[in-house]
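One structure is given below, encoded as structure tokens.
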Amino acid sequence: MPYSPSEIEARWQKAWDKAALFKATRTADKPKYYVLEMFPYPSGRIHIGHVRNYTMGDVIARYKMATGHNVLHPMGFDAFGMPAENAAMAIGGHPKTWTYDNIDTMVEQMKPLGFAIDWSRMFATCDPEYYGQQQALFLDFLEAGLVYRKNAVVNWDPVDMTVLANEQVIDGKGWRSGTEVERRELTQWFFKISDYSEELLDALDTLDNWPAKVRLMQENWIGRSRGLSFEFGLKGAPDGYDSLPVYTTRPDTMMGPTFAAIAADHPLARRLESTNPKIAAFNEKCRKMDTTEAAMEKAEKLGFDTGIKAIHPADPSIELPLYIANFVLMDYGTGAVIGCPAHDQRDLDFARKYDLPVIDVFKPLGVEDDVEDTAFVPPKTEKVRYVQWHGESGVEITCQQAMDQTLERYEANGWGEAQTQYRLRDWGLSRQRYWGCPIPVVHCDDCGVVPEKKENLPVELPDDVNFDIPGNPLDRHPTWRDTPCPSCGKAAKRETDTMDTFVDSSWYFARFTAPHADTPTVKEDVEYWMNVDQYIGGIEHAILHLLYSRFFARAMHITGHLPKTAIEPFDALFTQGMVTHAIYVTRDENDRPVYHFPEDVEVHENGARLGATGEEVDIIPSAKMSKSKKNVVDPVSIIQQYGADTARWFVLSDSPPERDVEWTASGAEAANKHLTRVWNLCDRIAAMPDGDGTGDADLQKAMHKTIHDVTLGIDSFGFNAAIAKLYGFTATLSKSKASKAVQREAIMTLAQLMAPFTPHLSEDIWHHQKGDGLCAAAPWPKADESLLVDDTVTLPIQINGKRRAEIDVPADLDKAEVEKIALANEAVEKALNGGRPKKVIVVPGRIVNVVV
RNA sequence: GCGGGCGUGAUGGAAUGGUAGACAUAUCGGACUUAAAAUCCGAAGGGCGUAUGCCCGUGUGGGUUCGAGUCCCACCGCCCGCACCA
């Protein structure tokens, strides 16, 4: 019988369904295991990257089932967000229809992959059942003081009359209108995540099973710094502005500042613009800038001299010019900075541009040169010579020591005080858009901002909206806004802002434990299933999503929705790589790139050409898949061509899971060949006559080594390495002359070890070999430790670190004996040339190095 | 600009500081076949050499070590994030 995946896969998926194998249930007799992949956005079709991501989770889920766990492996959709509205604007229709149609399509595409998912728990964040509970959480957070309102800046498109997301702002212009974007201040809702800066930072140390790089990125993002908080006296400022609070992380530079600067949105700058048209014009210019940090950092540094003088707190004779500058951010620190050009590149560029003096505070040891074009910014632990040191010169200490001593001195003299600051800002959750979770509050003329009553939840989105006119359809809906005030009952207006979609994804993992409950969570269920034992997702979520979720878990604990043990919701995190694909490109007459689908290209020995015209094609290897570059691989056609098992096997086979893997047709072909080989092998063994037993011991030994290696591989996310071992064992088995019973045991073990990757093929082999029950429900094989050790080992002998010979020695031979044998080796004797070795290093079981 | 990461044969990659290149692709050779495909077996980092073998080799330059792809420093290139993309 030929290997026929389409038939096999459908059959066994039905069998698993019937046995309800993947339904997550709470029982007392087994430990639980919760494995979760970051849920997808319903963009339309599944992507080969999804296949890889969910296969990784599925390997873990199936492995944990086989090792005796109650496994929770759910799937859902992160379904609110801009693309649905954009689609509604571009092609008509309704975001809701577009979203749910996409979800249906994607579920239909995912099911044939045979994932061990409990589909009964599926939900989308745009289900009123889900977002109604999210509104309940919001109300609890509000009551607990975790949410507040303040003014904040948004990107405003003056032509489309709408708020733009950062990604909709391209080079400072609106993506549709092409007009210059303005900054506009709106009153918006914020989560008090900054109150938890210290805790979120300190608790990173407990996340042992998170990648170190993610913890480091979060640490830097939260950004704890110890610095000096002080006030400049102001000379020539308007009444009521006598002093200016400033914070600096480099107190030692207080000995060399040459200017001070404030943000264009600083209250003082706003006060000045009301009477000075030039300042008003400058501030206006600053406000037209992109609001992203990257854009601010890259933009040309601009300043406006206000004419006001800032008086140095430690020495009133120092008067610094006060600028308004576009690189100072109002929402970090106090919105005012001290400029020390010699030791900050940005300050130096600014000083050179506006002809400000540059005062060296310290110099490298043994160097006299003054700072010219490059600021001197050594690591804080480096010892330098302070040429400006509280009136002295020539003090040699580290910057850190200088900062500490300066802080002490400033505090002692009452010039300022030491302060710990965090870079982390509060999380603004208001979005001026339709397709999101409505913020459940009401604005009443008499009572102000009033929370909606819980019994009135969910506050559902109205369906009768259209997107012909830009702006938020909730704002112009004729009736939706009208509602009685929950407090006094008078006519009032609903909040029309919706929530950031990051809110939706900040607690879905908890909701999966009781997805259809009429409270956000259910005590017994969260207590049983939380925490997520293994979370899997892209590195692009290293900061925002993961930090927001950590905050949310704390907030949910405070409001009684999560146990204390779940405030760090993800015990282990794994960040997986992308699936990439070569891009095929030719150039048109204007040298612009023209992209081609892989199926239109014929790859030949030294390149590729277009099938239709024979034109040579440039190959850009291993690029991120994108529709516009035509290098997207459709999982549906791969499954039709080769079957789900091949797709699953291949996406994990060639690269370590944390790295990108390039999809190649030849690689998929090879994976398919291998599965066919295993299938044929099963057939052959079933049909073979009983042998004489030669090689039984060798095959058993190889089998137990493979069990050991594959188990280790799965446990440590070494899926590609585990697959390499499975290739090796398949080759061993196919050449084996062992007896039928031993070969049968070997092929069944191979099927089991492959089952997390290729569950359908494994199930079929299991069935053919008459295994008990379902392979997916069979207990994981155990390696016999006694068969894992070899009696003899081959040791390489190095002479001066270069390999020159090999010796075979008993594995348990002691060091002195090994050294004796090594020194008697021909190559070693030749190198020694009758002399004695300077040193002999013997690493048991590893290597011998003779130094001559 | 700031923060984080990555860089190994023709290609994807393997390698607790211990024989660099496992496994796979592409390539080449052989078996089978009238032939091709499929399948099976085998070769293979580069250079020199009939060969035992010798030299070189993990982005570049330096350092630590008996020993470095792995650790440290600097540089180059690419990727991710930068708070309203999901």
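In the text below, chain A, chain B and the rest are named by the order of the sequence lines, each starting its count at 1. Excluded from the calculations below are hydrogen atoms, water molecules and symmetry mates; all remaining heavy atoms, backbone and side chain alike, are included.
Taking the C1' atoms as reference points, rA44(B) lies 14 Å from rU11(B), given to the whole Å. Distance check on atom P: rG77(B) versus rU60(B) gives 15 Å, rounded to whole Å. rG81(B) and rC75(B) have their C1' atoms separated by 24 Å, given to the nearest Å. rA38(B) and rU25(B) are spaced 13 Å apart, taking the P atom of each and rounding to whole Å. Nucleotides rA24(B) and rG9(B), compared at atom C1', are 14 Å apart to the nearest Å. rA68(B) sits 48 Å from rA37(B) when the C1' atoms are compared, rounded to a whole Å. Taking the C1' atom of each, rG7(B) and rG12(B) are spaced 14 Å apart, rounded to whole Å. Nucleotides rG17(B) and rU65(B) place their C1' atoms 9 Å apart, quoted to the nearest Å.
The side chain of Asn720(A) contributes an N or O atom lying less than 4.0 Å from OP1 or OP2 of rA14(B). In this structure, Arg425(A) does not reach the rA83(B) phosphate: none of its side-chain N or O atoms is under 4.0 Å from OP1 or OP2.
Using a 4.0 Å heavy-atom cutoff across all strands shown, Pro40(A) reaches no nucleic acid atom at all. Note on Ser505(A): nothing from the nucleic acid sits closer than 4.0 angstrom, heavy atoms only. In this structure, Thr501(A) reaches the sugar-phosphate backbone alone: every heavy-atom distance under 4.0 Å involves primed, P, OP1 or OP2 atoms, never a base. Base contact: Trp221(A) has a heavy atom under 4.0 Å from a base atom. Among the heavy atoms of the strands, none lies under 4.0 Å from Ile797(A). Across all strands, Lys673(A) comes closer than 4.0 Å only to sugar-phosphate atoms, never to a base (heavy-atom distances). At the heavy-atom level, Thr292(A) lies under 4.0 Å from the strands shown only through sugar-phosphate atoms. Heavy atoms of Lys298(A) sit under 4.0 angstrom from at least one base atom. At the heavy-atom level, Lys725(A) lies nowhere under 4.0 Å from the strands shown. Among the heavy atoms of the strands, none lies under 4.0 Å from Gly667(A). Nucleic acid contact class of Met217(A) (heavy atoms, under 4.0 Å, all strands): base. Using a 4.0 Å heavy-atom distance criterion, Glu806(A) is classed as a base contact. Among the heavy atoms of the strands lying under 4.0 Å from Gln432(A) is at least one base atom, whether or not backbone atoms are also near. Among the heavy atoms of the strands lying under 4.0 Å from Arg423(A) is at least one base atom, whether or not backbone atoms are also near.
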Worksheet item: In dot-bracket, 5' to 3', how would RNA chain B read with Watson-Crick or G-U wobble pairs under 3.5 Å, [ ] for crossing ones and | for pairs to another strand?
Response: (((((((..(((.....[....))).(((((.......))))).((((....))))..(((((..]....))))))))))))....

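Side-chain proximity of Leu216(A) to the nucleotides rA14(B), rG5(B), rU19(B) is greatest for rG5(B). In the set rA22(B), rG81(B), rG4(B), rG81(B) carries the atom at the smallest distance from any side-chain atom of Glu540(A).
The base of rC84(B) sits with one of its N or O atoms less than 3.5 Å from a complementary donor or acceptor on the side chain of Gln188(A). Side chain Arg659(A) to base rC6(B): no donor-acceptor pair is found below 3.5 Å.
Ring pair Phe717(A)/Phe719(A) is tilted by interplanar angle, where 30° to 60° counts as tilted.
In plain terms, the two heavy atoms of Leu795(A) and Val818(A) that are nearest each other are CD1-CG1, 3.7 Å. In plain terms, the two heavy atoms of Asn720(A) and Pro656(A) that are nearest each other are ND2-N, 3.4 Å. Nearest heavy-atom pair across Asn825(A) and Glu806(A) is ND2-O, 4.2 Å.
Take His541(A) and apply the ring pair (Phe, Tyr, Trp, His ring centres under 6.0 Å) test, not counting sequence neighbours, and it matches His545(A).
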Item to complete: Using the side chain to side chain contact (heavy atoms under 4.5 Å, CB included) rule, take Asn472(A) and Arg433(A) through it: C-alpha gap first, then chi angles, then the decisive distance, then the call.
Response: CA-CA 5 Å; Asn472(A) 184 351; Arg433(A) 273 186 268 281; 5.5 Å; no

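Taking a 6.0 Å sphere around NZ of Lys725(A), one finds it holds 12 or fewer heavy atoms contributed by other residues, nucleotides or ligands.
Checked by atom type, the side-chain pair Tyr422(A)/Trp221(A) shows no donor-acceptor distance below 3.5 Å.
One finds a salt bridge joining Asp500(A) and Arg431(A) here, because a Lys/Arg side-chain nitrogen approaches an Asp/Glu carboxylate oxygen to under 4.0 Å. Using a 4.0 Å cut-off between a side-chain N of Lys or Arg and a carboxylate O of Asp or Glu, Arg287(A) and Asp265(A) qualify as a salt bridge.
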Measure all distances between protein nitrogen or oxygen atoms and nitrogen or oxygen atoms of nucleotides 42-47 of chain B, and list the pairs falling under 3.5 Å.
none

Distances for protein N or O near nucleotides 15-17 of chain B N or O, under 3.5 Å:
unit_1  : atom_1 : unit_2    : atom_2 : d
rU16(B) : O4     : Arg846(A) : NE     : 3.1

With a cut-off of 3.5 Å and sequence neighbours excluded, list every side-chain donor-acceptor pair involving residues 838-852 of chain A.
unit_1    : atom_1 : unit_2    : atom_2 : d
Asn849(A) : OD1    : Gly801(A) : N      : 3.1

Practice prompt. Going 5' to 3' through nucleotides 61-68 of chain B, assign each nucleotide B (protein heavy atom under 4.0 Å from a base atom), S (under 4.0 Å only from sugar-phosphate atoms) or - (no protein heavy atom that close).
Written response: -----BS-

